[in-house]
Amino acid sequence: MPVENKQGEHMRKFKNKGKNMDSLRRQRVEVTVQLRKAKKDEQILKRRSISFSVVDQSLSPGEDKSDEVIPMSLEKIAEAVNGSNTKLQLQATQATRKILSRQKDPPINQIIELGIIPRLVEFLTRADDAALQFEAAWALTNIASGTSNHTKAVVEAGAIPALISLLSSPHMHISEQSVWALGNIAGDGPLYRDALISCSVIPPLLALVSPVTPVGFLRNITWTLSNLCRNKNPYPPLNAMKKMLPVLICLVEHEDKEIISDSCWAISYLTDGSNDRIQIVVDTGILPRLVELMDRPELLILTPALRAVGNIVTGTDEQTQAAIDAGALAVLPRLLQHTKPSIQKEAAWALSNIAAGPGQQIQQLITCGLLPPLVELLDKGDFKAQKEAVWAVANFTTGGTAEQVVELVRSGVLKPLLNLLLAKDSKTILIILDTISNLFLTAEKLGETERLCLLVEELDGLEKIEALQTHENNMVYRAALNIIEKYFSGEENPSLQPGTGQDGLYDFSAEKQDFDF
Amino acid sequence: LLFSQRVLLLVASDVDALCACKILQALFQCDHVQYTLVPVSGWQELETAFLEHKDQFKYFVLINCGASVDLLEILQPEEDTIFFVCDSHRPINVVNVYNDTQIKLLVKQDDDLDVPAYDDIFRDEEDEEEDSENESEGSEPSEKRRRFEEDIIERTMRRRQRREWEARRREILFDYEQYEYHGTSSAMVMFELAWIMSKDLNDMLWWAIVGLTDQWVQDKITQMKYVTDIGVLQRHVSRHNHRNEDEENSLSIDCMRIAFEYDLRLALYQHWSLYESLCNTSYTSASLKLWSVQGQKRLHEFLADIGLPLKQVKQKFNSMDVSLKENLREMIEESANKFGMKDLRVQTFSIHFGFKNKFSASDIVYATVSLMENVEKEGPETTNFIKALDSLSRGNLDKLHQGLDLAKKQLRAIQQTVASCICTNLVISQGPFLYCSLMEGTPDVKLFSKPVSLCLLSKYLLKSFVCSTKNKRCKLLPLVMAAPMDVEQGTVIMVGIPPETESSDKKNFFGRAFEKAADSTNSRTLHNHFDMSIIELKTEDRSKFLDALISLLS
């Protein structure tokens with residue numbers, strides 16, 4: 001296989017010959033996308049994004065002068081920054097900021113190598129020169145936006161306390177720029193996140209949130225807060241979390257989509273942890289709002305809200321019940337049928353956790369009409385979503401009462417479930433076989449084993465299970481063999497032949513009658 | 001241009017395409033390339049043929065079709081499918097021009113294409129980043145963000161610039177696509193290819209000549225372009241044919257010789273009688289206004305002036321007195337000048353097969369067109385195409401003669417229809433253009449359900465009309481002509497041709513106009529022909545279509 005791949009890649013490279021630059025570039029972007037995805041698993045996603053709308057121009061004197069920025073060579077910049085002429089210092093800092101702000105390949109490394117970062121940090125403290133403070137903060141923001149090493153260079157120059165004190169600057173554009181820079185530092189990982197927290201970044205940051213804060217500024221604050229909630233190993237300190245939560249609860253009520261989105265992400269980070277953390281979030285009473293947001297059409301909002309609710313239902317039965325009480329089950333059917341596979345998957349994941357609950361929660365799941373969309377997803381969904389749906393069914397059959405399991409079979413779950421035995425993924429196959437065993441256990445209790453056997457046979461399930469006896473995975477083979485030996489090895493009773501002769505179609509209503517007791 | 005795999009040849013139904021096809025076939029034979037030939041008469045056939053064969057073929061050669069549309073968009077080919085397009089239709093679709101991986105255009109290098117610059121019509125993806133911002137919607141926020149230079153003002157500036165660029169792009173494309181016209185004959189392009197490969201033969205050269213002559217007969221190119229291309233071919237002719245000169249006496253029956261000539265612009269006269277040819281050639285008929293009694297009188301005066309007795313003129317040209325024929329051309333030209341026909345002399349080529357058979361290039365064009373659009377159906381659709389193709393081989397003189405007979409019929413039919421249209425005032429001014437519609441039941445109307453024949457008729461009619469009308473404004477108008485196409489289905493075929501002026505650039509805007517008129521009226525039309533200035537539509541929709549066309553062009 002790898003050889004073939006290489007060859008394919010070679011061919012593609014060959015085909016690039018003569019192709020215009022356009023498509024070449026697109027391919028390169030795709031490569032980075034893949035890298036990004038790989039990184040995502042390790043929770044170190046770094047996405048370059050386009051700037052949010054920036055400070056009101058009227059509020060940023062530094063901006064006004066941007067037309068006058070004189071391009072300078074790197075040597076000149078170093079010279080001027082280190083010199084004592086304040087005018088030249090400003091010009092050089094502006095020039096630095098400018099080259100770090102260009103769209104393509106900012107020369108962050110070269111700037112670091114110039115050794116001017118300590119000076120830039122020093123400029124942050126120059127309360128007499130707001131323009132210089134602003135330019136320095138911007139330049140440092142962009143340096144910190146790079147790799148971990150870039151961020152490190154900024155932090156080690158002592159930028160954290162300087163930036164935190166600038167949060168309280170009388171100039172709004174300066175405090176906003178500091179928020180941004182601190183966001184980049186916090187986003188680097190748990191280490192710097194906690195360094196910021198122990199430097200008391202939270203109180204002045206929260207103080208910036210007020211009803212009159214401009215939306216653009218508020219977006220930056222929300223994003224920085226979300227980074228302060230982000231990352232595990234370790235989780236952010238509990239008391240920091242408790243401080244931020246009330247403000248996040250307010251921000252989640254905001255009307256701006258990006259603010260809602262980022263604050264939801266923050267909540268989702270906080271709920272992605274132990275049950276006591278989930279409890280702290282649930283106690284704020286935020287669940288109804290999250291469920292409401294889960295029902296929004298915008299992916300920007302729906303995704304983090306669903307993630308947060310999904311995290312909460314991984315918690316205790318009581319926490320899960322709180323989510324159900326907030327109406328989560330009413331929204332999930334639509335999400336299971338969402339056009340986007342990732343949403344289907346997340347919704348099915350949440351459902352599987354609810355299905356793992358006590359019988360009463362399973363009953364609510366049935367009452368809220370989740371079985372039909374679940375069966376449909378199992379039948380036609382994206383494969384990743386199907387896997388989650390399999391989990392949901394498995395959990396259901398483990399914890400559900402006999403009546404509930406019968407209800408599940410009646411809603412037609414068997415057919416798509418058995419079809420998925422053809423999947424390549426042996427873990428999924430194992431879970432399905434487990435589920436089938438569970439179904440048989442229930443059938444045994446009800447004395448309906450024969451009927452279930454017939455049903456499985458009618459749906460070509462037996463064939464598939466038999467085929468799995470030759471599966472390379474030992475556990476799959478054994479589970480399949482077990483089912484066959486237990487339920488399908490006996491002499492078939494001719495009187496129990498399936499009643500499908502009439503029209504050749506499998507009569508699903510017969511299924512209902514059989515299990516009606 | 002070397003293939004190890006089988007090639008699919010898709011060839012349009014016009015004489016130039018047939019000639020190009022003949023040359024390519026000869027080249028393929030020479031290089032042992034296997035191919036399958038599929039004639040296509042319109043876009044639908046092209047699409048069907050492609051779909052039918054796309055699994056078996058990777059290489060497709062399109063002759064006189066396909067350049068003017070975005071092939072990748074329309075045919076949705078696999079990534080490894082390659083199209084070689086040799087098409088005289090202009091303008092060439094810009095995507096075809098700028099895609100050099102899947103679309104290989106065979107175009108003469110010095111052809112002036114006026115293709116818009118790449119940067120004016122395509123934009124790098126990167127600039128669209130802004131628009132694709134929302135694609136990442138739903139993914140986690142970025143952990144770090146850089147602050148870019150641009151602020152709100154710059155962004156709006158960029159957006160404005162983009163809008164301006166788009167407006168400009170539309171304008172450029174509109175200008176570029178507005179007119180249809182024709183570039184160098186595909187047969188000539190194909191011949192030059194053969195020449196570059198040093199595989200050119202005299203037969204190929206002759207086909208190139210016929211291809212060019214077809215463009216001239218169909219009035220597709222300017223006089224300038226014709227004369228220039230004649231010059232190019234003349235050099236090839238002398239290169240290929242000079243060696244025969246001293247051996248002229250030893251010419252065998254199957255030997256062929258091509259010669260450049262100043263010949264008379266009289267259709268088929270060497271295979272007809274001079275009289276018939278004079279009557280049925282558009283140029284003479286229009287100049288002398290032969291549809292009127294006066295015109296007939298003028299013809300007799302003209303013949304008298306030349307000094308040709310009617311009896312001689314009316315008999316087969318072959319049987320005319322040799323003494324009369326000797327200085328015939330000079331004599332006719334001299335008198336023609338007096339009668340206002342200064343352009344009766346044309347530069348062309350003729351071919352000799354042995355002693356007996358001599359054909360002028362235009363003879364072949366007329367014969368091939370008639371065979372191709374023969375309305376007396378025999379067998380399947382492709383029969384005519386194959387027959388016409390065969391008639392171009394020198395071994396098939398009988399087919400050629402059959403074609404000549406059909407061509408005479410056709411020219412006569414055209415002339416009679418022109419005369420009756422003019423005498424019964426069927427050409428009416430609609431304001432922005434002249435309009436003439438042939439009624440069902442008009443003699444020979446079936447002939448004109450075919451595109452090339454209808455175009456010929458339209459061109460001849462417009463020439464004659466311009467000579468007959470005294471209205472100066474009307475002389476400068478283009479013509480739209482309609483003829484019944486399929487009575488059972490209730491369809492008409494309509495063609496638009498540019499004005500008949502001496503300085504005409506032969507550019508035709510009816511393609512776009514038809515398209516718009518059809519769109520705005522929801523007319524049931526079929527814009528199937530490779531010449532977009534030909535359209536088929538339901539008879540009932542004709543009047544609303546015309547109304548829309550008039551208001552569009554007013």
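All values below were derived from every heavy atom in this structure, side-chain atoms included, with hydrogens, water molecules and symmetry-related copies excluded. Per chain, numbering begins at 1; letters A, B, ... match sequence-line order.
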Visitor: Let me know if Ala181(A) has heavy atoms under 4.5 Å from chain B in its side chain, its backbone, both or neither.
Guide: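 When you check distances to chain B, no heavy atom of Ala181(A) falls under 4.5 Å.
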Visitor: Check the surroundings of atom NZ in Lys58(B): do more than 12 heavy atoms from other residues, nucleotides or ligands lie under 6.0 Å from it?
Guide: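 Counting other residues, nucleotides and ligands, NZ of Lys58(B) stays at 12 neighbours or fewer.
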Visitor: Are there over 12 heavy-atom neighbours, none belonging to Gln56(B), within less than 6.0 Å of that residue's CD?
Guide: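 For Gln56(B), atom CD is crowded (more than 12 foreign heavy atoms under 6.0 Å).
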Visitor: Please identify, among Thr141(A), Leu302(A), Leu100(A), the residue contributing the most non-hydrogen atom pairs under 4.5 Å to chain B.
Guide: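 Max contact count across the listed options: Leu100(A).
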Visitor: Minimum heavy-atom separation for Trp180(A) to Arg146(B), with atom names?
Guide: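 Looking at all heavy atoms of both residues, the closest pair is CZ2-O, 3.6 Å.
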Visitor: For the atom pair CD (Glu140(B)) and OG (Ser261(A)), what is the distance rounded to the nearest 0.5 Å?
Guide: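 Between atom CD of Glu140(B) and atom OG of Ser261(A) there are 10.0 Å.
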Visitor: Determine the sole option in Asn220(A), Asn227(A), Asn184(A), Asn142(A) for which the side-chain hydrogen bond (donor to acceptor under 3.5 Å, both in side chains) test with Arg145(B) is passed.
Guide: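 Output: one option passes, namely Asn220(A).
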Visitor: Which atom pair, heavy atoms only, marks the closest approach of Ser142(B) to Trp223(A)?
Guide: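 Minimum heavy-atom contact is O-NE1, 2.7 Å.
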Visitor: In this structure, are over 12 heavy atoms from other groups packed under 6.0 Å from Trp195(B) atom CH2?
Guide: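 12 or below, so no.
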Visitor: Using non-hydrogen atoms only, which part of Leu306(A) is less than 4.5 Å away from chain B: side chain, backbone, both, or neither?
Guide: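 No part of Leu306(A) comes within 4.5 Å of chain B.
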